[in-house]
Number of protein chains: 2
Amino acid sequence: MYSARMSTPERLIESTRELLWERGYVGTSPKAIQQHAGAGQGSMYHHFAGKPDLALAAIRRTAEEMRATAEAVLGGSGSAYARVEAYLLRERDVLRGCPVGRLTMDPDVIASDELRAPVTATLDWLRDRLAGILQEGVDQGEFAPALDPRETASAIVATVQGGYVLARSSATPTAFDAAVRGLLVLLRGMTTGCGAPVDAPAATTSSN
Amino acid sequence: MYSARMSTPERLIESTRELLWERGYVGTSPKAIQQHAGAGQGSMYHHFAGKPDLALAAIRRTAEEMRATAEAVLGGSGSAYARVEAYLLRERDVLRGCPVGRLTMDPDVIASDELRAPVTATLDWLRDRLAGILQEGVDQGEFAPALDPRETASAIVATVQGGYVLARSSATPTAFDAAVRGLLVLLRGMTTGCGAPVDAPAATTSSN
DNA sequence: GTCTATATTAGGATAGAC
DNA sequence: GTCTATCCTAATATAGAC
């Protein structure tokens, strides 16, 4: 299932990431991981203490990846609005949901401080990163001062996370897109020159 | 665990609703349901065909309840903005998440057309209900014409669903509130008289 | 309607051979 | 490091007595 060059621990972690994304922590069994990784029982318990230990490694990696993916877009150039838009419009595997956010609905993950920590850290980082960008926008007069950077950032992250919910509910990615477009229109409304035709956004990029 | 007057099927359904909310479909076993309901093995299988059958009854009821709760606020009086605000600010058991939306992350629920149907119907209804209210607001000049009722409604529902994610991630309800407040500020920005101090909302109600 | 077997597979892991 | 054997409990029922 994986390149022959990949070590057994690597294959186990990658398999766990896949299954955690697809079925969550509660729905993922050690046996399923082993089969997906093409590793034996003993092999798994040799490299990892057990399911929670392996899940922790998987979650940490997934969290790190999500952060890097977001930073790749958010760290780009362009106006504050443009960068936020680029983040919201970037390509996503919408129907699979957010591999980090979905863990939030996993009772065993939430119950464990260790397993929850990377989730909290990642979502917090994302919100703060967005808040920083929005703050820049306010400082430079791009956004109206009424815009609270931190709360707006929360709304943006929430819209994305909730967009996944809507998409999976209706089994179509367009539900996600609708929510994002709705938010972007509102955000453009806070752009200075708000009395002017609100349909003229900032400019520049779009996808990633 | 329940009133002695409650019938066994009733207790089973209510128990299933609780557990589905708390642990999801995958994380809820028939045995756990029976124990929570104070019913025996045979009792459960006498009244229901099995776990999926019981879950369907539970999900349908939860969906219906959510709809009624939302309608109680959305059907109130006041401006379009006021009703949307009342919906967003209504009291919620934030840290428990949305009993309907969370099912969306349950692989077995999503894989079953029957189990998914009530989820889809409820979220679709909510979005459409909000879209209707927003449309009224646009028609009556309360909101700028640039506001797309349907997409804005999607963004609202998504913010709520995602707000639960943020709250559970950080283990505090305030994360939900931040997202909602962020969205409300943006929504007020689409209110006519947008050039004016944006901090003066429509009026009337607030919670429910 | 409810209860008590009984059954099968999976979950989650340990022990020890190779 | 990996494999096989073994263990115990839970998951998800079915069968049949009461």
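Reminder, nothing fancy here: chain letters follow the sequence lines and each chain counts from 1.
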Taking the six-membered ring of Tyr25(A) as reference, does the NZ or CZ atom of Lys51(A) fall below 6.0 Å from its centre and within a 45° cone about the axis?
->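 Pair Lys51(A)/Tyr25(A) counts as cation-pi.
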Nucleotide nearest [X] when distance is taken to its side chain, options [options]:
{"X": "Ser29(A)", "options": "dA11(D), dG12(C), dA13(C)", "value": "dG12(C)"}
{"X": "Gln41(A)", "options": "dG11(C), dT4(D), dT12(D)", "value": "dT4(D)"}
{"X": "Tyr45(A)", "options": "dA11(D), dT14(C), dT2(D)", "value": "dT14(C)"}

Judged by atom type as modelled, is there a donor-acceptor pair below 3.5 Å linking the side chain of [X] to the main-chain atoms of [Y]?
{"X": "Ser29(A)", "Y": "Ala32(A)", "answer": "yes"}
{"X": "Arg102(B)", "Y": "Gly97(B)", "answer": "no"}
{"X": "Arg11(B)", "Y": "Ala37(B)", "answer": "yes"}
{"X": "Thr28(A)", "Y": "Gly24(A)", "answer": "yes"}
{"X": "Asp148(B)", "Y": "Glu151(B)", "answer": "yes"}

Using atom [atom1] of [X] as one end and atom [atom2] of [N] as the other, report the distance to the nearest whole Å.
{"X": "Met6(A)", "N": "dG1(D)", "atom1": "CE", "atom2": "P", "value": "17 Å"}
{"X": "Gln34(A)", "N": "dG1(D)", "atom1": "CD", "atom2": "C1'", "value": "14 Å"}
{"X": "Phe48(A)", "N": "dG12(C)", "atom1": "CZ", "atom2": "P", "value": "16 Å"}
{"X": "Arg23(B)", "N": "dG11(C)", "atom1": "CZ", "atom2": "C1'", "value": "13 Å"}
{"X": "Ile33(B)", "N": "dT12(D)", "atom1": "CD1", "atom2": "P", "value": "9 Å"}
{"X": "Leu54(A)", "N": "dG11(C)", "atom1": "CG", "atom2": "P", "value": "15 Å"}
{"X": "Met44(B)", "N": "dT4(C)", "atom1": "CE", "atom2": "P", "value": "17 Å"}
{"X": "Asp53(B)", "N": "dA13(D)", "atom1": "CG", "atom2": "P", "value": "10 Å"}

Determine: side-chain N/O of [X] to OP1/OP2 of [N], distance under 4.0 Å, yes or no.
{"X": "Lys51(A)", "N": "dG12(C)", "result": "yes"}
{"X": "His46(A)", "N": "dC3(D)", "result": "no"}
{"X": "Thr8(B)", "N": "dT2(C)", "result": "yes"}

Between Ser170(B) and Thr172(B), is any side-chain donor less than 3.5 angstrom from a side-chain acceptor?
->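 Absent: no donor and acceptor within the cut-off.
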For Gly42(A), answer base if it contacts any base atom (sugar-phosphate contacts may also be present), sugar-phosphate if it contacts only those atoms, and nothing otherwise; contact means non-hydrogen atoms under 4.0 Å.
->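 It contacts base atoms.
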Those residues of residues 107-119 of chain A lying under 4.0 Å from DNA chain C by at least one heavy atom |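 Per residue number, the list is empty: none.
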Between Gly50(A) and Pro9(B), which has a closest nucleotide on DNA chain C that is more 5'?
->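 Counting from the 5' end, the first nearest nucleotide belongs to Pro9(B).
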